[in-house]
Amino acid sequence: MAQPGKVYLIPTVLSPDTLHTIPAYVTPVIQQISVFFVENERTARRYLKALDKSINIDALQLLLMHENHPPDTALAKQILLSGKDIGVISEAGCPAIADPGHLVVQVAHAINAQVIPMVGPNSMLLALMASGMNGQNFQFVGYLPVKPPERIKAIRDLEMQSQKKQQTQLFIETPYRNNQLLKDILDNCKETTQVCVAADITGPEEFIRTKSVKAWKQQLPELHKKPAIFLLLAQ
């Protein structure tokens with residue numbers, strides 16, 4: 001029986017026009033792959049073309065995977081068993097973290113196909129590195145609930161967990177709701193709790209600041225429509 005193909009987890013940029021953040025060894029890999037699972041076909045095409053202008057985009061098979069469209073795992077299995085490699089590309093940063101790429105990875109493990117994670121920018125780790133918060137004990141919880149009562153409860157629970165375990169809590173929000181989320185954090189956390197806001201990481205308007213809730217209330221940043229990570233550490 002032929003060896004199954006490999007799954008390459010291919011990093012992409014966090015901010016437009018920041019190709020310098022992608023390691024050089026990514027380009028030779030994408031040149032050898034013809035099947036990709038991608039979160040957004042348009043941005044994936046643009047990214048692959050930016051890595052190698054000579055690449056024939058129309059000859060590639062770009063298969064969709066996003067929040068409302070899980071990857072076709074049966075097809076992924078079939079492709080890997082035929083000996084073909086698969087590339088997985090997120091909308092931003094590293095795939096299979098806070099996106100459905102992990103489902104393709106699960107298929108690979110089920111058939112003993114090799115999974116190769118590639119080095120690249122990851123917003124959660126970059127934010128944690130720059131926050132000055134506890135990097136030995138942390139938890140990424142993804143998106144908080146949208147409805148106000150559930151979201152306020154989630155924020156208070158995270159603060160309580162952080163206080164109890166001295167654990168940094170990381171979470172994200174849809175960019176157009178960033179300002180409201182920060183307001184909810186400041187309205188419901190203790191004044192001594194540390195909050196880090198990390199927006200447009202690696203981009204031209206990169207903004208990473210850690211302050212107490214009390215200090216943030218003096219001056220609020222404008223975060224509307226900016227990709228951002230929020231970190232919280234209770235004192």
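This structure is a prediction, so every number in the text was calculated from the model and none was measured. Side chains included, hydrogens not; waters and symmetry mates left out as well; all remaining heavy atoms used. All residue numbers refer to positions in the sequence shown, counting from 1.
- Residues Thr43 and Glu91 bring a donor and an acceptor atom of their side chains to less than 3.5 Å of each other.
- Heavy-atom minimum distance, Arg209 versus Trp216: O-CZ2, 3.4 Å.
- Side-chain contact annotation: Asp99 with Ser90, donor-acceptor N/O pair under 3.5 Å present.
- At a threshold of 4.5 Å between side-chain heavy atoms, the hydrophobic network of Ile, Leu, Val, Met, Phe, Trp and Tyr places Val88 and Tyr25 in two separate groups.
- With hydrogens and angles left out, the side-chain atoms of Thr27 and Asp52 include no donor and acceptor closer than 3.5 Å.
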- After noting the C-alpha distance and the side-chain angles of Asp72 and Lys77, does the key distance pass the salt bridge (charged side-chain N to carboxylate O under 4.0 Å, His left out) rule? CA-CA 9 Å; Asp72 186 336; Lys77 182 179 179 180; over 6 Å; no
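- Between Leu14 and Ile201, the shortest heavy-atom distance links the atoms CB-O, 3.7 Å.
- Between Arg177 and Asp184 no salt bridge is recorded (no basic side-chain N to carboxylate O distance below 4.0 Å).
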- Query: How far apart are the C-alpha atoms of Asp200 and Ser15, what are their side-chain angles, what is the distance that settles it, and do they pass the side chain to side chain donor-acceptor pair (under 3.5 Å) test?
  - Reply: CA-CA 7 Å; Asp200 193 27; Ser15 182; 3.1 Å; yes
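- A donor-acceptor contact under 3.5 angstrom links the side chains of Thr193 and Glu159, judged on distance only.
- Residues Ser131 and Cys196 approach most closely at CB-SG, 3.8 Å, considering heavy atoms.
- In this structure His66 satisfies the ring pair (Phe, Tyr, Trp, His ring centres under 6.0 Å) test together with His69, sequence neighbours excluded.
- Contact detail for Gln166 and Ala234: the closest heavy-atom pair is NE2-O, 3.1 Å.
- Annotation for Gln136: atom CD does not count as buried by contact number, only 12 or fewer foreign heavy atoms lying within 6.0 Å.
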- Task: Kindly indicate, with the supporting measurements, whether the criterion side chain to side chain donor-acceptor pair (under 3.5 Å) is fulfilled by Gln32 and Asp85.
- Result: CA-CA 8 Å; Gln32 298 166 33; Asp85 295 339; over 6 Å; no
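- Within the 3.5 Å criterion, the main-chain N or O of Pro175 finds a donor-acceptor partner in the side chain of Asn178.
- Applying the 6.0 Å contact sphere to CZ of Phe138 captures no more than 12 heavy atoms from other residues, nucleotides or ligands.
- Shown here is Asp17, whose CG atom has no more than 12 heavy atoms of other residues, nucleotides or ligands within 6.0 Å.
- Cluster membership for Phe37 and Val115, using ILVMFWY side-chain heavy atoms within less than 4.5 angstrom, is shared.
- In this structure, the side chain of Lys211 does not engage the main chain of Ala215 through any donor-acceptor pair within 3.5 Å.
- Looking only at atom types and distance, the side chain of Asn137 has a donor-acceptor partner in the side chain of Gln167 under 3.5 Å away.
- A continuous path of ILVMFWY side-chain contacts below 4.5 Å connects Ile79 to Leu81, so both sit in one hydrophobic cluster.
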